[in-house]
Amino acid sequence: MAGPVLALVGATGAVGTVMVDILNGRKSWPWGEVRLIASPRSAGKKITVRGEELTVLALAPEVFDGVDVAMFDVPDEVSAHWAPIAAERGAVAVDNSGAFRMDDDVPLVVPEVNNDKVGARPRGIISNPNCTTLSMMASLGALHREFELKELVVASYQAASGAGQDGIDRLYAEYAAVAGKEVGNRAGDVREALAAAGLSQEDSPFPAPLALNVVPWAGSLKADGWASEELKVRNEARKILGIPDLKVSATCVRVPVVTTHSLAVHATFAREVTVEQAHAIFAAQPSIVLVDDPANGQFPTPADVVGGDPTYVGRVRQALDFPNTLDFFVCGDNLRKGAALNTYEIAETIAAAL
């Protein structure tokens, strides 16, 4: 008997390309058929999945006929239109965009934390969290189960790829513009170098130069000076962990890293927790790699984590002056676990139940 049918919408995009790599690397394989779907301009392209050359299909209602699970790695507006159509055609839509994350009828799932929510999908849609929130969920979920999370303060250090291919291209262009030049010693140096290279700030996905800089902004402006990425961390953490009154404050910063988000986490619990207990919990999680030996320079950095599936945790400390509180540092590849891998793990969970 053939296995279920899997569709990948957005197969030629930045996250879709990572998803194809994940499909090719999985040891277990529950699928009887895979369909690759993209915009009409990408239709007809050939992509190899597990040794079979597949032709990319143009996005249309009929491509979902007979599909059991449809993964969406596309912009919000595309998902908002097409995920309900896929569901109407009988597929479970697993969406990686922000279109449905806070919909009460759409579960927001991280398999390590709330896999029990996969079956509760009134609209036939399951949502994947924002990559920033997701990077810390395996570690926070594990600690919450033991010590009951009460308050969370987070500073994120987000890679350029979080802004899509445009963000990656812009960072590389800025690196090229400043390479070999003595810039950064006075105000305006970097901006002048970018202007000399023909790089207009108005054409950038970032509100300030990113090369040789950090930008304390990610997303769009919301009420009271908050950025949309910061509110996503708050709202999504509450929904995933099932703590609607969780106190959360986040500051999101864009850094000149191509791929892999990092977060400095300050988490307060209802019960006392020690570093030794946290180490044991982290080490026991299959999707976490504990790297915490600062005396020997061992802690997670994006350069060491990029391209991998787990999230990495280090710099675990009991917070000074704050009872029942841990500080720690997390790194996770925002295109893999932060997007493609979590979406695929949800799809695998659904397939196992079919």
[atom1] of [X] to [atom2] of [Y]: how many Å apart, nearest 0.5 Å?
{"X": "D103", "Y": "I125", "atom1": "CG", "atom2": "CD1", "value": "7.5 Å"}
{"X": "F282", "Y": "S139", "atom1": "CZ", "atom2": "OG", "value": "5.0 Å"}
{"X": "N342", "Y": "I346", "atom1": "CG", "atom2": "CD1", "value": "4.5 Å"}
{"X": "S161", "Y": "I168", "atom1": "OG", "atom2": "CD1", "value": "5.0 Å"}
{"X": "L335", "Y": "H261", "atom1": "CG", "atom2": "NE2", "value": "8.0 Å"}
{"X": "I240", "Y": "H144", "atom1": "CD1", "atom2": "NE2", "value": "12.0 Å"}

Can you pull out every salt bridge (charged side-chain N to carboxylate O under 4.0 Å, His left out) where at least one residue sits in residues 66-82? Sequence neighbours excluded, please. none

By the salt bridge (charged side-chain N to carboxylate O under 4.0 Å, His left out) test, which pairs, at least two apart or in different chains, include something from residues 9-36? D21-R336, R26-E348, E33-R35

Can you tell whether the side chains of [X] and [Y] come within less than 4.0 Å, N to carboxylate O?
{"X": "E229", "Y": "K232", "value": "yes"}
{"X": "E192", "Y": "R186", "value": "yes"}
{"X": "K150", "Y": "E148", "value": "yes"}
{"X": "R89", "Y": "D65", "value": "yes"}
{"X": "R234", "Y": "E230", "value": "no"}
{"X": "E112", "Y": "K337", "value": "yes"}

Considering all heavy atoms, the nearest [X]-[Y] contact:
{"X": "A86", "Y": "A70", "result": "CB-CB, 4.3 Å"}
{"X": "E345", "Y": "P111", "result": "CB-CG, 3.9 Å"}
{"X": "V113", "Y": "G141", "result": "CG2-CA, 4.2 Å"}
{"X": "L199", "Y": "A177", "result": "CD1-CB, 4.1 Å"}
{"X": "P300", "Y": "F329", "result": "O-CE2, 3.7 Å"}
{"X": "L210", "Y": "A160", "result": "CD2-CB, 3.9 Å"}

Testing T17, T55, L36, L54 one by one against I47 for a side chain to side chain contact (heavy atoms under 4.5 Å, CB included), which residue passes? L36

Scan T260, T311, V289 and name whichever one has a side chain to side chain contact (heavy atoms under 4.5 Å, CB included) with C331. T260

For the [atom1] atom on [X], are there more than 12 heavy atoms of other groups (residues, nucleotides or ligands in this structure) within a distance under 6.0 Å?
{"X": "R271", "atom1": "CZ", "value": "yes"}
{"X": "D293", "atom1": "CG", "value": "yes"}
{"X": "Y175", "atom1": "OH", "value": "yes"}
{"X": "R315", "atom1": "CZ", "value": "no"}
{"X": "K247", "atom1": "NZ", "value": "no"}

Do any N or O atoms from the side chain of [X] and from the backbone of [Y] form a donor-acceptor pair under 3.5 angstrom?
{"X": "D189", "Y": "G184", "answer": "yes"}
{"X": "Q201", "Y": "F206", "answer": "yes"}
{"X": "R238", "Y": "L246", "answer": "yes"}
{"X": "D224", "Y": "W226", "answer": "no"}
{"X": "E174", "Y": "A211", "answer": "yes"}
{"X": "T133", "Y": "P129", "answer": "no"}
{"X": "K117", "Y": "I126", "answer": "no"}

We want to know whether [X] and [Y] form a side-chain donor-acceptor pair, criterion being a heavy-atom distance below 3.5 angstrom.
{"X": "Q285", "Y": "S287", "result": "no"}
{"X": "D95", "Y": "S79", "result": "yes"}
{"X": "T259", "Y": "D333", "result": "no"}
{"X": "Q277", "Y": "E146", "result": "no"}

[Y] and [X], any side-chain heavy atoms less than 4.5 Å apart:
{"X": "V214", "Y": "R254", "result": "no"}
{"X": "H279", "Y": "V275", "result": "yes"}
{"X": "I350", "Y": "V94", "result": "yes"}
{"X": "R317", "Y": "F328", "result": "no"}
{"X": "V20", "Y": "L8", "result": "yes"}
{"X": "Y344", "Y": "L6", "result": "yes"}
{"X": "E52", "Y": "V34", "result": "no"}
{"X": "N96", "Y": "M71", "result": "no"}

Test log, rule ring-ring contact (aromatic ring centres under 6.0 Å, His included), inputs F322 and H266: CA-CA 10 Å; F322 295 89; H266 178 90; 4.9 Å; yes

Whether W31 and W29 hold their rings parallel, tilted or perpendicular, with breakpoints at 30° and 60°: perpendicular

Answer yes if W82 and V92 sit in the same cluster of Ile, Leu, Val, Met, Phe, Trp and Tyr residues linked by side chain heavy atoms under 4.5 Å apart, and no otherwise. no

May I have all residue pairs that pass ring pair (Phe, Tyr, Trp, His ring centres under 6.0 Å) and include part of residues 46-72, sequence neighbours excluded? F64-F72

Stepwise, does the side-chain contact (heavy atoms from CB on, under 4.5 Å) test hold for L241 with L149? CA-CA 9 Å; L241 295 170; L149 182 65; 3.7 Å; yes

